[in-house]
Amino acid sequence: MSVPLPRLPRCGLGRRLGVGVGIGLATLLVTTAALAEDTERLTLLMMGDSLSAAYGLEQPEDGWVNLLQERLEGEARVVNASISGETSAGGATRLPELLRQHSPDIVLLELGANDGLRGLAPSQMRQNLESMIKQSQASGARVVMLGIDIPPNYGDAYRTAFTNVYDSLAKRYDLPLVPFLLEGVALDKTLMQDDGLHPTAKAQPMILENVWPTLEPLIEQATAR
């Protein structure tokens, strides 16, 4: 004699479980798609100091690096690893982990100003920047050098040795070079903060325009690949 199996109450657990699985799967697919899209986008790593960290600006989003991100929206992401007060030695120390984390396509090097203001040896700055160039290239990234100048009161000999670091490294490693990041800004008091060292919010779009003609071809080449 067959015994009828008891009927389970129609509590909707199966339906809820099915919906839950569906939602979870949909979320996973969306997340995976977002990660894939983010991975496919170009990544720019900005290694700089206060000039690229929006130092002294009331609205940090006014900084030129953030303006660059806005210009590249949908095309690339910009990782701004700039720190106010950073030296070339500090940047060289931090770079390996940043390369590992972000796998950038392009690395922008804007360091050395604090080395110069502290009167550190240009030869040491050169060694640090050269190390960063080699590490970046070894990771597969293109490198852009953003040159800096220092005030005339440091003396012609030191100033020449300092700026020559950027020129010589750019030539040796065939790097795109922005000779002076603050071209058209540094000598205009209306575009500089009271300390005479840091640009105002009004100057930030000008700084971006100093960088853009050198950076744009690299972005186009990387996108084409």
Side-chain angles (χ1 to χ4, degrees), residues 30-54 60-61 63-83 86-113 125-148 165-181 183 204-225:
V30 170
T31 302
T32 303
L35 288 173
E37 180 181 357
D38 195 53
T39 301
E40 290 174 359
R41 289 195 302 168
L42 294 179
T43 298
L44 281 65
L45 175 62
M46 180 70 226
M47 296 295 296
D49 48 37
S50 56
L51 297 177
S52 300
E61 58 268 24
W64 78 267
V65 179
N66 189 67
L67 297 180
L68 173 62
Q69 176 64 87
E70 292 178 357
R71 179 172 293 189
L72 294 174
E73 191 61 41
E75 298 180 44
R77 67 184 183 108
V78 180
V79 178
N80 191 358
S82 302
I83 298 178
E86 184 70 292
T87 62
S88 62
T93 299
R94 292 191 298 123
L95 181 61
E97 179 60 20
L98 290 167
L99 292 174
R100 187 192 67 79
Q101 286 182 5
H102 302 290
S103 300
D105 300 281
I106 299 173
V107 175
L108 295 92
L109 295 183
E110 180 273 297
L111 288 170
M125 182 180 83
R126 176 191 173 92
Q127 181 177 329
N128 294 331
L129 291 176
E130 187 168 24
S131 172
M132 296 180 75
I133 292 169
K134 290 180 177 180
Q135 292 179 64
S136 299
Q137 292 181 335
S139 74
R142 297 287 302 275
V143 178
V144 180
M145 293 285 291
L146 306 182
I148 299 296
V165 169
Y166 301 103
D167 295 332
S168 60
L169 287 175
K171 290 178 181 177
R172 178 171 184 178
Y173 292 94
D174 193 22
L175 305 178
L177 169 67
V178 177
F180 184 31
L181 181 68
E183 183 68 40
Q204 301 300 314
M206 298 176 63
I207 298 174
L208 175 56
E209 293 310 318
N210 286 341
V211 175
W212 185 247
T214 301
L215 178 61
E216 184 182 22
L218 267 69
I219 295 175
E220 291 178 348
Q221 292 170 15
T223 302
R225 292 200 302 270

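- We find the OG1-CZ distance between T223 and R41 to be 11.5 Å, quoted to the nearest 0.5 Å.
- Closest approach of A54 and P60 over heavy atoms only: CB-O, 3.5 Å.
- Here the CG-CD distance, from D174 to Q137, works out to 9.0 Å after rounding to the nearest 0.5 Å.
- Listed here is the closest heavy atom pair of L99 and S139: CD2-OG, 3.9 Å.
- Residues E75 and L42 form no side-chain contact, since every pair of their non-hydrogen atoms from C-beta on lies 4.5 Å or further apart.
- Formation of a donor-acceptor pair under 3.5 Å by the T87 side chain with backbone atoms of G90 is found in this model.
- Screening residues 63-73 for salt bridge (Lys or Arg N to Asp or Glu O under 4.0 Å), with sequence neighbours left out, gives R71-E209.
- In this structure a side-chain-to-backbone donor-acceptor pair under 3.5 Å is missing from S82 to A53.
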Would you mind writing out the side-chain donor-acceptor pairs for residues 91-98 within the sub-3.5 Å range, not counting sequence neighbours?
| from | atom 1 | to | atom 2 | distance (Å) |
| --- | --- | --- | --- | --- |
| T93 | OG1 | A89 | O | 3.0 |
| R94 | NE | E86 | OE2 | 2.6 |
| R94 | NH1 | A81 | O | 3.1 |
| R94 | NH2 | A81 | O | 2.8 |
| R94 | NH2 | E86 | OE2 | 2.9 |
| E97 | OE1 | R100 | NE | 3.1 |
| E97 | OE2 | R100 | NE | 3.3 |
| E97 | OE2 | R100 | NH2 | 2.5 |
| E97 | OE2 | Q101 | NE2 | 3.1 |

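- How far CG of L68 is from CD1 of I219: 6.0 Å, rounded to the nearest 0.5 Å.
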Derivation and outcome, side-chain contact (heavy atoms from CB on, under 4.5 Å), residues Y166 and V178: CA-CA 9 Å; Y166 301 103; V178 177; over 6 Å; no
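- Remark: the S131 side chain and the Q127 side chain contain no N/O donor-acceptor pair separated by less than 3.5 Å.
- How far CD of E130 is from CZ of R172: 4.5 Å, rounded to the nearest 0.5 Å.
- One distance of note links CG of L181 with CG of L208; it measures 10.0 Å at 0.5 Å rounding.
- Here the closest heavy-atom approach between residue I133 and residue M145 is recorded as CD1-SD, 4.0 Å.
- Inter-residue side-chain proximity for T214 and L177 is flagged as unmet; no heavy-atom pair is nearer than 4.5 Å.
- Of the inter-residue distances, the one linking N210 atom CG with L146 atom CG reads 10.0 Å to the nearest 0.5 angstrom.
- The shortest distance between side-chain heavy atoms of V211 and W64 falls below 4.5 Å.
- Considering every non-hydrogen atom in both E61 and N66, the closest pair reads O-ND2, 2.7 Å.
- M47 and M132 get closest at one heavy-atom pair: CE-CE, 3.9 Å.
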Distance-only check: which donor-acceptor pairs under 3.5 Å involve side-chain atoms of residues 102-110, not counting sequence neighbours?
| from | atom 1 | to | atom 2 | distance (Å) |
| --- | --- | --- | --- | --- |
| D105 | OD2 | T43 | N | 2.8 |
| E110 | OE1 | D49 | N | 3.2 |
| E110 | OE1 | S52 | OG | 2.6 |

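- Across all non-hydrogen atoms, the minimal contact from W212 to L72 is CH2-CD2, 3.8 Å.
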